[in-house]
Asker: 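Dropping a structure here in structure tokens format, bear with me for questions.
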Amino acid sequence: MDNTIYKKRRDNLEEILPNNSVLLLPGADLQYRNADSAHAFRQESSFFYFSGFCEPSSLIAIINNDMGLSSIIFVPPKDKLKEIWDGHRAGPIGAVDNFMFDKAYDNSQIDSMMPDILQGSEQVLYSIGKKQGFDQKVIDWTTAASSKDRHSKSINITDASSLIGNVRLIKDDHEIDLIKKACEISADAHIEAMKAVKEGDNEQYIESLYIHEFSKRGGRYPAYTPIVAGGENACVLHYVENDKDLKSNELLLVDAGCEYKMYAADITRTFPVCGKFSDEQLKVYEIVLRAMNAAIDSVKVGNSIMMPQEISEKVITEGLVEIGILDGDPDELHKEGAYKDFYMHKIGHWLGLDVHDVGDYMEGDDFIKFKPGMITTIEPGIYISNSMDVDNKWKGIGVRIEDDILVTKDGNENLTKKVPSDPHEIESLMS
Ligand code: GLY
Ligand code: MN
Ligand code: MN
């Protein structure tokens, strides 16, 4: 296993961390579903990004001072019996030899050693408020470190969320390859599911097709709970019940992406259960598709992340006026935010190790501008629930289309375009 890439990511922090500081990265703990039945372990994303190390209850301290940068990891100790039950542990020796940390210790030593590690530093940085119980631990270690020498400078506790997020925001080639693979697997799963769907299928059965198609291609877990929403259910944005039977006159919205080697894909497609869009469904669908294509075109180096947002709002407002759902001047309606009753979420989010990945959306007082190596979703939608005051023929139509877009030097690359979004291509795939 070549872990050089993770070591290089730690080394790069020398340029970014303040002098005389310590960055703490807590790993995830094992989570239990019920009683003593554990979920499969999933490492915390930033911890993984800087280590590649996948054992629970570990902690990294990266120290930047006059002697340069050094990294310490605390890991579960070697334990013959536990390893028989739960599998191999690297132990401190393995963490140094295979993961290239400067020093490694048993995690049982964290509380006793951390005050000494922090003593003399001026800043301790970590992602505040993210891990339960960790804030209090940092306060305790910092207090203990300060009390060791009352004549030393005080140690400031600083939130590292932006610092870490903005490093992770620009994906390196290794990450881009893995995200492309997650996208390819997820796209293939959407294609297979689209071909299979038929009237009377239960949403849960469709969900199982996705999980199966992900898993057989190497993406064992979905990157988030899939949304499999027939008809009106699509208007519940985070619908995850996935337990209703599909009717032939409904659209089916599926928002599903796999995780591949820790990296997420995030794809939504909306298609007719019977394989053919009705006139009303097609009209709404085509507005969302227009918004989608126009928004993707604006994902370019130097453009503000607000550009695809505004473009999608305007195209959707114009479209809703065209089909008579909104009434008035499109520019005025856009200014008033009339589209928000039908398109109530944002156009997208960063994608990476987490489906809603870290990374700031603001740069000072302005929205951030696209840079090469960023990956954003683009996911406009129109949702017309039964409770809305519109002609009955539109009710129960919910459409979202979502692709994953890599910002490149000279434009962008749609990593999920393999799944058809053109309505005619969808119909011919389903026929
Ligand atoms: N799948 C969650 C989202 O699209 O944000
Ligand atoms: Mn998304
Ligand atoms: Mn999604």
Side-chain angles (χ1 to χ4, degrees), residues 42 45 165 168-169 171 179-180 182-191 193-194 203 206-207 209-211 213-214 219 221-230 233-242 251-260 262-271 285 288-289 291-293 295-296 298-299 305-306 308-309 311-313 316 340 342-361 368 370 374-383 398-407 412-421:
R42 205 283 187 176
S45 297
R168 280 177 50 194
L169 179 53
K171 274 67 186 174
I179 295 170
K180 281 186 174 172
C183 287
E184 188 190 324
I185 293 172
S186 306
D188 286 338
H190 273 269
I191 290 169
M194 262 186 204
E203 292 165 346
I206 305 302
E207 179 180 5
L209 294 183
Y210 278 84
I211 308 281
E213 297 295 337
F214 292 162
Y221 301 108
Y224 53 92
T225 305
I227 295 168
V228 183
N233 298 334
C235 300
V236 178
L237 297 180
H238 283 165
Y239 176 79
V240 288
E241 287 166 19
N242 302 352
L251 289 177
L252 173 62
L253 181 155
V254 182
D255 184 343
C258 78
E259 182 172 289
Y260 179 74
M262 299 290 283
Y263 284 86
D266 187 5
I267 304 180
T268 306
R269 288 295 184 269
T270 310
F271 43 98
Y285 189 92
V288 179
L289 186 61
M292 175 82 178
N293 290 333
I296 291 175
S298 73
V299 177
I305 58 164
M306 267 301 119
Q309 176 69 41
I311 287 173
S312 67
E313 292 165 4
I316 284 173
K340 285 184 187 162
F342 302 94
Y343 172 35
M344 57 295 276
H345 58 75
K346 290 278 186 269
I347 185 78
H349 50 83
W350 305 128
L351 180 79
L353 283 164
D354 295 308
V355 64
H356 295 160
D357 208 32
V358 290
D360 288 340
Y361 291 87
I368 217 163
F370 289 115
M374 292 176 169
I375 298 182
T376 184
T377 66
I378 291 290
E379 48 180 305
I382 295 179
Y383 312 90
V399 174
R400 177 165 68 255
I401 312 171
E402 176 173 28
D403 278 325
D404 302 339
I405 311 296
L406 167 68
V407 185
N412 68 57
E413 185 179 345
N414 183 341
L415 305 182
T416 46
K417 65 169 185 276
K418 184 173 182 186
V419 203
S421 52

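One-based numbering, in listed order, for ligands and for the atoms of each. Keep in mind that what you see is a predicted model, and the values were worked out from it rather than measured.
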Asker: For the Mn ion (ligand 2), find the closest N/O/S atom belonging to Asp266 and write down its atom name.
Answerer: OD2
Asker: Roughly how far, to the nearest 0.5 Å, is OH of Tyr343 from OH of Tyr383?
Answerer: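 That separation rounds to 8.0 Å.
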Asker: Give a yes or no on whether a salt bridge exists between Lys417 and Asp403, defined as a side-chain N under 4.0 angstrom from a carboxylate O.
Answerer: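 Salt bridge between Lys417 and Asp403, a charged N being under 4.0 Å from a carboxylate O: no.
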Asker: Does any N, O or S atom in His356 come within less than 2.8 Å of the Mn ion (ligand 2)?
Answerer: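 Within the cut-off used here (under 2.8 Å), His356 places no N, O or S atom near the Mn ion (ligand 2).
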Asker: Out of the N/O/S atoms in Glu379, what is the name of the one closest to the Mn ion (ligand 2)?
Answerer: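 In Glu379, the N, O or S atom with the shortest distance to the Mn ion (ligand 2) is OE2.
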Asker: Please work out which of Glu402, Glu379, His356 has its closest non-hydrogen atom nearest to atom 2 (C) of ligand 1.
Answerer: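 That would be His356.
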Asker: Any idea which heavy atoms bring Val419 and Arg269 closest together, and the distance?
Answerer: O-NH2, 2.8 Å
Asker: Any luck finding a side-chain donor-acceptor pair between Thr416 and Asp404 under 3.5 Å?
Answerer: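 Asp404 and Thr416 do not have a side-chain donor-acceptor pair below 3.5 Å.
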Asker: Hey, does Val355 sit under 4.0 Å from ligand 1 if you only count heavy atoms?
Answerer: no
Asker: In sequence, state the C-alpha distance, the side-chain angles, and the governing distance for His238 and Tyr224, and then conclude on ring-ring contact (aromatic ring centres under 6.0 Å, His included).
Answerer: CA-CA 11 Å; His238 283 165; Tyr224 53 92; 9.4 Å; no
Asker: If you look at Glu402, which of its N/O/S atoms is nearest to the Mn ion (ligand 2)?
Answerer: OE2
Asker: Would you kindly say whether His349 and Glu379 are connected by a side-chain donor-acceptor distance under 3.5 Å?
Answerer: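 There is such a pair (donor and acceptor under 3.5 Å, judged by atom type) between the side chains of His349 and Glu379.
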Asker: Just give me the atom name: the N, O or S atom of His349 closest to the Mn ion (ligand 2).
Answerer: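 The atom in question is NE2.
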Asker: At a threshold of 2.8 Å, where the distance has to be below it, does the Mn ion (ligand 2) have an N, O or S atom of Asp255 nearby?
Answerer: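 No, Asp255 does not qualify, because none of its backbone or side-chain N, O or S atoms lies under 2.8 Å.
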Asker: Using 30° and 60° as the class limits, which term best fits the ring planes of Phe370 and Trp350: parallel, tilted or perpendicular?
Answerer: perpendicular
Asker: Identify, by atom number and element, the atoms of ligand 1 in contact range of Asp255, meaning under 4.0 Å from any of its heavy atoms.
Answerer: 1 (N), 2 (C), 3 (C), 4 (O)
